[in-house]
Amino acid sequence: MSLLVVGLSHRSAPVSVLERASLNADAQVKLLQDTVAAEPATEAAVLATCNRIELYADVDKFHAGVAELSTLLAQHSGVGLEELTPYLYVHYEDRAVHHLFSVACGLDSMVVGEGQILGQIKDSLARAQELHSAGRLLNDLFQQALRVGKRAHSETGIDRAGQSLVTFGLEQLARGGDVQEWARGKKALVIGAGSMSSLAAATLARAGVAEVVVANRTFDRAERLARILSEGDDTHVPARAVPMESVPAELTRADVAVSCTGATGLVLTAESVAEAVGGRTPAPAPGTGGDGPAAPGGGSGRTAGPDARQGGPAATSLGSEDGCPLDLSAVQGTAGFSVLGEAAVAGMAAADLEQHAAWVDNGTVGGGQRAASPARPGVLDPAAETDAIAALAATVATVGRIPERRRPEPVEEPQRPEPVLFLLDLAMPRDIDAAVHRLAGVRLVDIESLAEASAGAPMAADVDQVRRIVSDEVAAFGAALRAAHITPTVVALRTMAADVVASEIARLDGRLPGLDDKHRAEITQTVRRVVDKLLHAPTVRVKQLAAEPGGAGYADALRTLFDLDPETVAAVSRAEDSTTQRDRGPA
């Protein structure tokens, strides 16, 4: 049997796909049950967090295992297999071990070094044990991953390489400033009472917010969290619990809101957030156009309206360029470019390009009325420009539009008012409508924006040390796993030897019925010592060899050489697995 992991994460898939593929608790249980019921897999565990979904299994066939696990992930996530497949990654045997150990150390997290993943791995193991889907392999793997993660945090400064997702999110809300200074005196609303929401509430309390309001669908859990915040030594802050129905009203009074629930739909829509900040933001200045997005492409990609093309007011306002079918404000005064040349027509549609070419080639240009002037140095001769535009017209017939050849002119965007409401969405799928990004007076940080912000974060020197720890631990785990693989065969060999000794002693009793107990015991002990000495060196050596890479074949060789019964070996393995599952609990 071999370890296989199939999954997707923030590194392989866009947030929109992760959001749709997220698994709630019931879906994870069903996925585990269906996986162990599938033919290639005998063990299974699911690691599902806000930015990863991974299915671990012990399989007997690689290709069949990949196909089955991928299909099961698609079925239970609700995302079609064809759509999901490009974002899936597969790790096998040692690479799968290396992946989980890296995840446990925070090396694969959105925020490098964050410690929340250890609790999530522990929960995944507990779920698999509760459903009896984790056998010896996954029990050993996940518990060792927890130990490796704890070792990385205790022996290195990996914590300095990043923070928890909550802390990083709050820093983004504060635009990289001091979180305590930013949070001091603010009123906070926390939606949800799970582990991530509880961490967010405690972090805000320690940062100095004036009040924390906790909303949750299960009111008792909200009350419990509020009580902990109020009575905690390091989180002593006024806190109260409210039902979910009170969220819209509480949002109107909040300065910052954090949401992390298990809801499958939106908890805060753009409309509800707009209502919450209504009247709290200043009206846009006249002529600024409010807070809407700027016109796409800046100035250089624009074309004039009909008036400009027909020589109407928009065109005549440009003086010497009457009748030009372009919005010349995008290129007027640009040193080195002519309003007649390629810079002017960049991005123009085919029909407009033909009209512009006709305008250039209307005889007036040839007459010299639009010749280059000292105010516009570097322009081409009008006749040459006519030829150039004719060539561009041939190109545009093939590609549809002329590509932009120069950087667009900067466009002055209307100034946004300072935020009056800060929103942090840590849920997957998202709790807060992404359209909130466009609302004036609101600053939203969600999983997607956190991924973008952390993409270019520098790696600390401690990360290299953690990577070395992971490599060493993977090698040690692989050696232990390979050595354990041969143990049932060695046990079966020694059992067979003991049976041979017992059979020969019984045969001796038949041939020497008068042998007294003292001599019989001495003969029995002598024979056993001989057998043990003969088997000692080979069994010790075969365990050493089996622990090395490529040593898996020694167990097969041992079974063949001594003609061991495969069922005897399997019985030893089953006995060990049952003992392991009975005695072992989460680390």
Side-chain angles (χ1 to χ4, degrees), residues 165-175 177-194 196-217 219 221-230 235-261 263 266-282 291 416-427 430-447 449-450:
L165 203 59
V166 170
T167 305
F168 189 60
L170 293 178
E171 286 187 354
Q172 294 303 303
L173 285 180
R175 296 186 182 275
D178 183 74
V179 173
Q180 289 191 337
E181 182 178 342
W182 166 82
R184 188 175 298 116
K186 284 184 167 59
K187 296 180 180 179
L189 170 63
V190 176
I191 306 174
M196 191 69 77
S197 298
S198 300
L199 178 61
T203 304
L204 286 167
R206 295 188 191 101
V209 294
E211 178 189 33
V212 177
V213 178
V214 182
N216 192 58
R217 297 193 185 282
F219 187 70
R221 296 189 65 181
E223 280 190 316
R224 189 183 311 119
L225 177 55
R227 185 167 57 254
I228 291 172
L229 294 171
S230 300
T235 60
H236 188 67
V237 64
R240 56 189 174 89
V242 298
M244 287 293 289
E245 295 75 26
S246 300
V247 166
E250 295 295 338
L251 199 61
T252 62
R253 294 187 285 270
D255 301 304
V256 55
V258 179
S259 187
C260 187
T261 72
L266 293 175
V267 175
L268 296 178
T269 63
E271 291 76 10
S272 63
V273 174
E275 291 178 4
V277 297
R280 297 167 64 180
T281 57
D291 195 54
R416 291 177 65 96
E418 286 297 315
V420 296
L421 178 60
F422 297 86
L423 301 175
L424 178 58
D425 185 359
L426 299 174
R430 73 184 76 218
D431 279 348
I432 303 176
D433 192 343
V436 167
H437 277 294
R438 297 194 295 268
L439 295 179
V442 179
R443 177 162 171 74
L444 169 64
V445 170
D446 54 19
I447 293 294
S449 55
L450 284 175

Rounded to the nearest 0.5 Å, what separation is found between the [atom1] atom of [X] and the [atom2] atom of [Y]?
{"X": "L199", "Y": "T167", "atom1": "CG", "atom2": "OG1", "answer": "6.5 Å"}
{"X": "L423", "Y": "L173", "atom1": "CG", "atom2": "CG", "answer": "8.0 Å"}
{"X": "M196", "Y": "S259", "atom1": "CE", "atom2": "OG", "answer": "12.0 Å"}
{"X": "L266", "Y": "D433", "atom1": "CG", "atom2": "CG", "answer": "5.0 Å"}
{"X": "E223", "Y": "I228", "atom1": "CD", "atom2": "CD1", "answer": "12.0 Å"}
{"X": "S198", "Y": "R221", "atom1": "OG", "atom2": "CZ", "answer": "7.0 Å"}

Do you know which of V213, I191, L268 makes side chain to side chain contact (heavy atoms under 4.5 Å, CB included) with L251?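 The single option meeting the side chain to side chain contact (heavy atoms under 4.5 Å, CB included) with L251 is L268.
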Given L204, which of V237, V209, L189 fulfils the side chain to side chain contact (heavy atoms under 4.5 Å, CB included) condition?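 The passing option is V209.
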Nearest non-hydrogen partners of [X] and [Y], listed with the distance:
{"X": "A226", "Y": "A239", "answer": "O-CB, 3.5 Å"}
{"X": "A200", "Y": "V166", "answer": "CA-CG1, 3.5 Å"}
{"X": "V445", "Y": "G169", "answer": "CG1-O, 4.2 Å"}
{"X": "L450", "Y": "F168", "answer": "CD2-CD2, 3.5 Å"}
{"X": "A270", "Y": "A435", "answer": "CB-CB, 4.0 Å"}
{"X": "A427", "Y": "T261", "answer": "CB-O, 3.9 Å"}

Please evaluate residues V214 and L229 with respect to the criterion side chain to side chain contact (heavy atoms under 4.5 Å, CB included), reporting the C-alpha separation (whole Å), side-chain torsions for both, the decisive distance (0.1 Å), and the verdict. CA-CA 10 Å; V214 182; L229 294 171; 4.2 Å; yes
Main chain of [Y], side chain of [X]: is a donor-acceptor contact present, judged purely on distance under 3.5 Å?
{"X": "D425", "Y": "D431", "answer": "yes"}
{"X": "R280", "Y": "T252", "answer": "yes"}
{"X": "R430", "Y": "I447", "answer": "no"}

Is the closest basic N to carboxylate O distance between R253 and E250 below 4.0 Å?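 Salt bridge: yes.
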For side chain to side chain contact (heavy atoms under 4.5 Å, CB included), just list the numbers for V190 and V212, CA-CA rounded to whole Å, side-chain angles, deciding distance to a tenth of an Å, and then say yes or no. CA-CA 7 Å; V190 176; V212 177; 4.1 Å; yes
Before giving the answer on side chain to side chain contact (heavy atoms under 4.5 Å, CB included), spell out for H437 and D446 the whole-Å C-alpha distance, their side-chain angles and the decisive distance to 0.1 Å. CA-CA 10 Å; H437 277 294; D446 54 19; 3.5 Å; yes
Count the heavy atoms belonging to other residues, nucleotides or ligands that lie under 6.0 Å from NZ of K187, then report whether that count exceeds 12.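 No, NZ of K187 has 12 or fewer neighbouring heavy atoms, counting only those of other groups under 6.0 Å.
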